[in-house]
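First comes the structure, then the notes that go with it.
Order of appearance sets the numbers: ligands from 1, and atoms from 1 within every ligand. Quick caveat, the model's predicted, so the values are computed rather than measured.
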Amino acid sequence: MSPIAPAQQQSLVSRLTDACGGSYTPETRRKYFISGPQWAGAYEGNALFHAPTRRPVTFEKVIEEYGKIGIAYWCTHDTDVIPPEQLGKDGQHEIVARIRKALADNGLKCSMVTTETFHHAVFAAGPAAESPEIRKYAAWRVCNTVEIGHELGAQFAVYWPGTLGYQIQGAVEETQTLRWYAESLNAACHRDVEVAASKGRPTMKHCLEAKPFEPQAEILLPTSDAMLGFIASGLLDYPDMVGLNPEYLHELMWGGAPRAALARALTAGKLWHFDINDGYRLKHDVDIAVGLVNPLDWLNVLVLLRSHGFNGPFNLDYKPPRTTSNWGVFAVSFPTAVDRFITLWEMAGEVMEDSIIREATAALRAGSGVSGNDPRELFEANKELMTLHELIGHRLVQILLGLHRGRVYLV
Ligand code: GLT
Ligand code: MN
Ligand code: MN
């Protein structure tokens with residue numbers, strides 16, 4: 001192939017994207033409770049070992065592009081959109097008014113707000129640092145975010161306590177740090193109760209998000225399960241207002257099974273918000289877009305969620321790769337991520353209706369009818385049925401690959 005001159009590259013990428021087919025209309029995409037984070041759309045490709053590859057993008061641009069794609073909800077950190085020195089001041093009110101206008105102009109809603117307690121130098125020792133004045137500032141920040149959330153009509157507040165931990169062991173007393181962290185959350189919930197009452201709005205759902213590694217070397221609440229323990233610890237004044245925002249990759253990162261982690265959150269009644277993305281076990285937080293690495297696992301995750309009535313928010317918390325251009329972020333990355341999610345969600349519906357999986361599952365649950373306390377006899381009585389586990393796996397792969405619709409190779 002001859003070289004593709006820079007001016008021709010976008011049209012080639014567009015043509016090949018269209019040739020992929022399988023895309024949904026913006027109207028269809030809007031029917032799902034899918035949210036796009038400000039920080040994902042505006043991610044410039046920078047990281048510890050990476051210089052940015054993309055130009056900065058404003059929230060007006062992100063909201064406009066999400067609107068065109070059909071991503072119906074938007075979410076943000078306080079400092080993604082408001083410079084830290086403007087927080088709580090006139091600058092904040094002006095920016096919030098501009099956000100409201102951008103959302104209204106483009107037909108989006110704000111679903112969630114979150115507080116950045118990890119990037120700024122003030123959080124070098126985390127949001128629950130020893131210094132009482134830093135903790136007071138952290139509590140003020142989460143309360144301010146709750147106020148922003150009410151002004152933007154958000155239903156959810158997320159907390160990722162990524163700096164709740166340490167680099168240097170022995171310098172931090174873990175039980176004390178957890179108590180201090182609870183104080184901030186208590187302040188946020190308390191402020192929420194007050195603001196909700198004054199505005200006649202429901203209180204928000206406050207969702208904790210775990211990540212096992214990064215940016216601290218050791219993390220005090222590294223998994224969703226640790227967070228369930230924290231919610232039930234007695235340290236929270238409003239435990240009923242606090243639940244989880246698991247992230248698919250964060251559960252995979254520590255070697256867990258995301259579907260099992262989600263199941264534990266569901267049985268605790270705390271699965272409220274879900275960050276959707278993909279990546280690899282026991283690696284860093286690569287935040288690859290949903291379904292690009294583990295589509296079969298994703299299908300199974302969505303079968304679980306659909307069968308338990310979980311219907312979102314599904315938050316596109318991924319990072320468009322550094323090799324994707326500013327144009328490609330909204331022309332290719334987000335629409336294809338949304339469409340893979342919708343396809344997997346609809347496929348999960350198909351799995352639930354599939355007559356083979358239904359009958360196999362029912363047969364396994366019916367058992368053999370042979371009872372008694374002889375373990376060998378019990379095993380023998382069920383052993384043919386248990387072969388269905390593998391058949392169910394085969395059927396799931398058939399559905400994932402379209403083989404159940406007759407896709408075959410001419411061999
Ligand atoms: C950060 C983290 C994400 C969280 C964001 C919410 S911040 O990007 O890696 O997983 O969801 O604070
Ligand atoms: Mn996340
Ligand atoms: Mn992540």
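H150 and R201 share a side-chain donor-acceptor pair at under 3.5 Å.
Partner of W39 under the side-chain hydrogen bond (donor to acceptor under 3.5 Å, both in side chains) criterion, chosen from D80, T76, D317: D317.
Between F334 and Y318, the ring planes are tilted. Angles from 30° to 60° get that label. Below 30°, between 30° and 60°, or above 60°: for F341 and F314 the angle between ring planes is between 30° and 60°, a tilted geometry. Taking the six-membered ring where the residue is Trp, Y181 and F230 present tilted rings, their angle falling between 30° and 60°.
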Show me a pair-per-line table, with atom names and distances to 0.1 Å, of protein N or O atoms that are under 3.5 Å from an N or O of ligand 1.
from     : atom 1 : to   : atom 2 : distance (Å)
ligand 1 : 9 (O)  : K211 : NZ     : 3.2
ligand 1 : 9 (O)  : D285 : OD2    : 3.4
ligand 1 : 10 (O) : E209 : OE2    : 2.7
ligand 1 : 10 (O) : E247 : OE1    : 2.8
ligand 1 : 10 (O) : D317 : OD2    : 2.8
ligand 1 : 11 (O) : E209 : OE1    : 2.6
ligand 1 : 11 (O) : E209 : OE2    : 2.9
ligand 1 : 11 (O) : D275 : OD2    : 3.1
ligand 1 : 11 (O) : D317 : OD2    : 2.8
ligand 1 : 12 (O) : H77  : NE2    : 2.7

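Judged by distance alone, the side chain of D278 and the main-chain N or O of N294 form a donor-acceptor pair under 3.5 Å.
No other N/O/S atom of D317 lies as close to the Mn ion (ligand 2) as OD2 does. In terms of distance to the Mn ion (ligand 3), the nearest N, O or S atom of D287 is named OD1. Here the N, O or S atom of E247 that is nearest to the Mn ion (ligand 3) is OE2.
For Y24 and Y32, the ring centers are positioned 6.0 Å apart or more.
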Any chance you could lay out the ring pair (Phe, Tyr, Trp, His ring centres under 6.0 Å) test for W254 and F213, step after step, and finish with the verdict?
CA-CA 8 Å; W254 61 266; F213 346 113; 9.6 Å; no
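The NE2 atom of H250 and the OD1 atom of D285 meet at the Mn ion (ligand 3) at an angle of about 90°, given to 10°. Geometry at the Mn ion (ligand 2): OE2/E209 and OD2/D275 form an angle of 100°, nearest 10 degrees.
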